[in-house]
Every structure is written in C-alpha cells, then in structure tokens.
Amino acid sequence: MSRVTVYHDCVQVVFVLPDGLDPKEIHKRAWLFEQTFGDNIDLSGTAKTFTLNVYQQDVQRFDYDSVAVERAVSGLRLPIYVGRSRTGDEVYDMTEHPHLLVAGETGSGKSVALRSILTTLIRTAGDRMELYCADLKRSEFHLFKGIARQVVVEAPRLHQIVLRIRKDMRKRGDVLDRAGMAHVDELPRKERPPYIVLAIDEVALLKKERDLMDGIEEISAIGRALGVFLILSMQRPDSDVLDGKLKNNLTVRMAFRHSDEINSRITLGSGEAADIQQSQKGRMMLKLDGTKTVQGPYLDLPKAKTLLEPYKAVEEPTGAQEPQPEPVEDDVIEIGVL
Ligand SMILES: Nc1ncnc2c1ncn2[C@@H]1O[C@H](COP(=O)(O)OP(=O)(O)OP(=O)(O)O)[C@@H](O)[C@H]1O
C-alpha cells in the first residue's frame, strides 16, 4: 500500500511494509532508491511505515544571515542553528538534545560550523549561558576571547575548567535535591543558574588524558539536568576517544565529509557521511531524530568578528598572557575521584 503526494519541490511516497518484511532491509537497500530516483532523496521510517521524499534539487550553499538565523531560533532556550535541509531551516534546543559531536575530515567545514553555532549561541542565549572554549589545535576559538569565560589551548588548563564545572555540577545537584526538583529549569527564575556550554575543538588530542576524558564523560552523563552541555569536535572519529558511554551520550551528531564508510559508521552509525563529496563544503549528515542532509551556513571570520563585537567585554592587550584560572583548592583529591 502506498500514497503519493506531489509538492512544489518534491514528490513524497509513503509506503507500508507487508508483515514479516525486515525494515532494516529497506535501509540496507537505500542505494536501490538512489539508482532509481537520483541523489536528492530522503528515506525515513522505522518498523512499518516509510516515507521517501524525492526532491527536484539539492540543498544549496548559503551565507550566514544573522537576522534570518535569529528569527529561525526564536523561542529556544539554548538554540543551535544547524543550517538548511531540503525542507527548510534545521534548528534545535540544546536543553532538549544536550550534547553535540561535530566530526569530519580536514577542510570539510567543522570550523565554520563551530564558528556559526557559537556565534548564534552568544548572540541569542546572552546572559543565560557561560561559555568555555578549549582550542587544542590553536586555530579557531581566539575569536571568542573576551566573550567566553575562558579560552584555553592546553590540556592542563582544560582540566582545571572541567574540575571547576564538576564542582559546580555538584553544587547544582545539592540545590536540586534541597528543592526536590529534577532539572535546573524547574527552579524559580531568580535561583536558576546560567547554562554552561563547554566547546572543545579536536577532542581526539585528549586521547591520552584519561582523567580529563573521564571528567568530560561525567559531564555528558549527568550534565543535562544540571544545565551543563558539551560541544565536541574531531577530525577522525577515533573509537578510543568515542568509546562507550561518551559516544552514546553525544546524542546529536553533525557528520561532515568522512574519508570512508568505516569512519562514517563510527560517527553516525551509518555510512552516509562518506558519500559527501570533497567539493561539498559545509555539507553534513545531521543525526537528530533520524538522519538528514543539511548544508551549514557560511560565516567567514571578519563577519563573525563584526557580529560578536558588541559581546566583547574587554579587549585583551596584544601579547598578553592568558589569564591564570582561579585555583581549584582540592584538585589533586578531585582528580583521584573523577
Ligand atoms: N558552510 C560552508 N559553506 C561554504 N563553504 C564552506 C562552508 N564551510 C566551510 N567552507 C569552506 O571550506 C573551507 C574549510 O572549512 P573549515 O576550515 O571549516 O574546515 P575544517 O573541517 O575545520 O578543517 P580542519 O579540520 O582542517 O580545521 C573554508 O575555508 C571555506 O572556504
């Protein structure tokens, strides 16, 4: 049984599987649909009912437009503007889908995506968010100096931040216990702490930092209710880093071009990110309630700087050292119990 609907930009076929047919076979044979209908298709469905959309054209590249972005995310508490899919703007709220993994080979568009995601967050979440950035490649996050609480480039400094966030999480947990509530958003407005977002570029460089990775994993496990969220990026999805719990807790995945199907499967659970062409900069497979093709907006550095200028607290003098973090009194003990 099937139903065909013709829209202005696509033809939609909804079909129902006969009992006894394994739905996994439909996904496994998605290539059959591509051979018949071309590349511009989206196939979704779970047990019995499937939807196949056949679009007339591919998603197009486009520039970041702050007015359009801010309109698209209005009403969200901690908004992520992902880009445009074939059906329109793709946005979501981090408070509902907490931890994000951005992965893709070099030059595929990760840095541009992080730039646009964090620019949107800063401009829209304002005082509701405290941002911490770790730029282990020393390439991108200097843009957020003077805006983020801290921008660090070395693992030990990041470890200090993670320890401090863990302390804060413990305090937030105590407040929730006392109030008999399950989520910081349920607290009265005056007592509600700001959301904390920790963004780490090239998290694979932390592979050998076991204590630090354990701390990050803990944030991924209990951060959501306490208002603490992760944005992690990596070039090659390393299964040592993305092993076990951490990977499962990074529920939203943005998979830019991957070199092969095996790597794509580590990030996405399917091989689709290996089908993205090298020329398709900013193109990703977004995994969030299913998987779909999305084009991220292009935001260049000068434009990002202009958009962020009003949010800069203090201009750091040239050549100045990064400010030293406040000491965490019981670091050593904490590392032991991480
Ligand atoms: N959304 C986009 N739209 C159009 N072009 C883009 C987009 N994203 C990236 N590009 C182009 O691709 C180039 C590489 O992108 P980017 O620096 O984000 O890659 P990357 O994945 O971060 O690479 P690396 O891992 O080496 O840092 C950019 O300089 C830009 O020219």
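Note that ligands are numbered from 1 as they come in the structure, with each ligand's atoms numbered from 1 the same way.
For ligand 1, the protein residues within 4.0 angstrom (heavy atoms only) are R61, E105, T106, G107, S108, G109, K110, S111, V112, K137, Q235, K281, G282, Q295, G296, P297, Y298.
At least one donor-acceptor pair closer than 3.5 Å links the side chain of R257 to the backbone N or O of I276.
E272 and S270 share a donor-acceptor pair across their side chains, judged by distance under 3.5 Å alone.
Salt bridge annotation for E25-K28: present, with a cationic side-chain nitrogen under 4.0 angstrom from a carboxylate oxygen.
The side chain to side chain donor-acceptor pair (under 3.5 Å) check on E130 picks up Y132, R149, with sequence neighbours excluded.
For the pair R84 and F62, the cation sits on the ring face: its NZ or CZ lies under 6.0 Å from the ring centre, inside 45° of the axis.
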Item to check | CA sep, side-chain torsions, deciding dist, call: S116, Y298, side-chain hydrogen bond (donor to acceptor under 3.5 Å, both in side chains) | outcome: CA-CA 8 Å; S116 98; Y298 182 61; over 6 Å; no

